[in-house]
Asker: 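Mind looking over this structure? Questions follow.
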Amino acid sequence: MNKHPAKKRFIISMGLGSAFGLLCVHLAAHHQPELASPTHPIFWAILTDRLLIGMTVAFAGVFTTHPILGFAYRPWLRGACLGAMVSLPLASGALNGPAPANTPLWFIFAATLFSGAIYGLIIDIIATRSGGEGASLLG
């Protein structure tokens, strides 16, 4: 069964986004165990943010050149930029939330943005190697 490259890219990106969402919840719950509960709203905020990174990276794979600035948009750069941008609302929300003892809120903000960039980078590299990028995704 030969899957269309865009479908393959989407499935891989969403799968990795889900996995990174669960990993991120696990890491966040290391210092605040209540965050690991599916009844906690931050659990869902983290999970949906990481899923959104996967979806955004999947769709953005058609761009091999930056649509506004015109430079070559490599998967690692495209994924890192999108991962950080998608993580910005989650990171901003961390500035108003409760912090574990001895952890400044700015550190949680920076760690959320950085991890989003890393997750996006990894997702885009793997999705590009597996499903392709550029015009091959359109046809």
Asker: How close do Pro89 and Met85 get, heavy atom to heavy atom, and via which atoms?
Answerer: CD-O, 3.8 Å
Asker: Going by the side chain to side chain donor-acceptor pair (under 3.5 Å) test, which pairs reach into residues 62-75, not counting sequence neighbours?
Answerer: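 Passing the test, one end in residues 62-75: no pairs.
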Asker: For the atom pair CD1 (Ile108) and CG (Leu113), what is the distance rounded to the nearest 0.5 Å?
Answerer: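 Nearest 0.5 Å value for the CD1-CG distance: 12.5 Å.
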Asker: Which distance, rounded to the nearest 0.5 Å, do you find between the OH of Tyr119 and the OG of Ser87?
Answerer: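 So the OH of Tyr119 and the OG of Ser87 are separated by 9.0 Å.
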Asker: Side-chain donor-acceptor pairs under 3.5 Å in residues 130-139, sequence neighbours left out?
Answerer:
| from | atom 1 | to | atom 2 | distance (Å) |
| --- | --- | --- | --- | --- |
| Ser130 | OG | Ile126 | O | 3.0 |
| Glu133 | OE1 | Arg78 | NH1 | 3.1 |
| Glu133 | OE1 | Arg78 | NH2 | 2.9 |
| Ser136 | OG | Glu133 | O | 3.0 |

Asker: If you take all heavy atoms of Leu47 and Ser18, which pair is closest and at what distance?
Answerer: CD1-O, 4.0 Å
Asker: Calculate, to the nearest 0.5 Å, the distance between atoms CD1 and CG belonging to Ile42 and Asp49 respectively.
Answerer: 12.5 Å
Asker: Quick one: do Phe107 and Ile118 end up in the same hydrophobic cluster if we chain Ile, Leu, Val, Met, Phe, Trp and Tyr together by side-chain heavy atoms under 4.5 Å apart?
Answerer: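 No, no single cluster joins them.
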Asker: Which value, rounded to the nearest 0.5 Å, describes the distance between Thr128 atom OG1 and Trp76 atom CH2?
Answerer: 13.0 Å
Asker: Measuring from atom CD1 of Ile122 to atom CD1 of Ile53, what distance do you get when rounded to the nearest 0.5 angstrom?
Answerer: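 So the CD1 of Ile122 and the CD1 of Ile53 are separated by 11.0 Å.
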Asker: Distance check, rounded to the nearest 0.5 Å: Thr48 atom OG1 versus Phe43 atom CZ?
Answerer: 10.0 Å
Asker: What pair of heavy atoms forms the shortest contact from Leu35 to Val25, and how long is it?
Answerer: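 Shortest heavy-atom separation between Leu35 and Val25 comes out as O-CG1, 3.9 Å.
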Asker: Check Phe10 against Met55 and note the closest heavy-atom contact, atom names and distance.
Answerer: CE1-CG, 3.9 Å
Asker: Measure from the side-chain N and O atoms of Arg9 to the backbone N and O of Ala58, and report whether any donor-acceptor pair falls under 3.5 Å.
Answerer: yes
Asker: Over all heavy atoms of both residues, which pair between Asp124 and Gly79 is shortest? Give the atoms and the distance, please.
Answerer: OD2-N, 3.3 Å
Asker: Show the nearest heavy-atom pair for residues Gly21 and Ile46, with the distance to one decimal.
Answerer: O-CG2, 3.9 Å
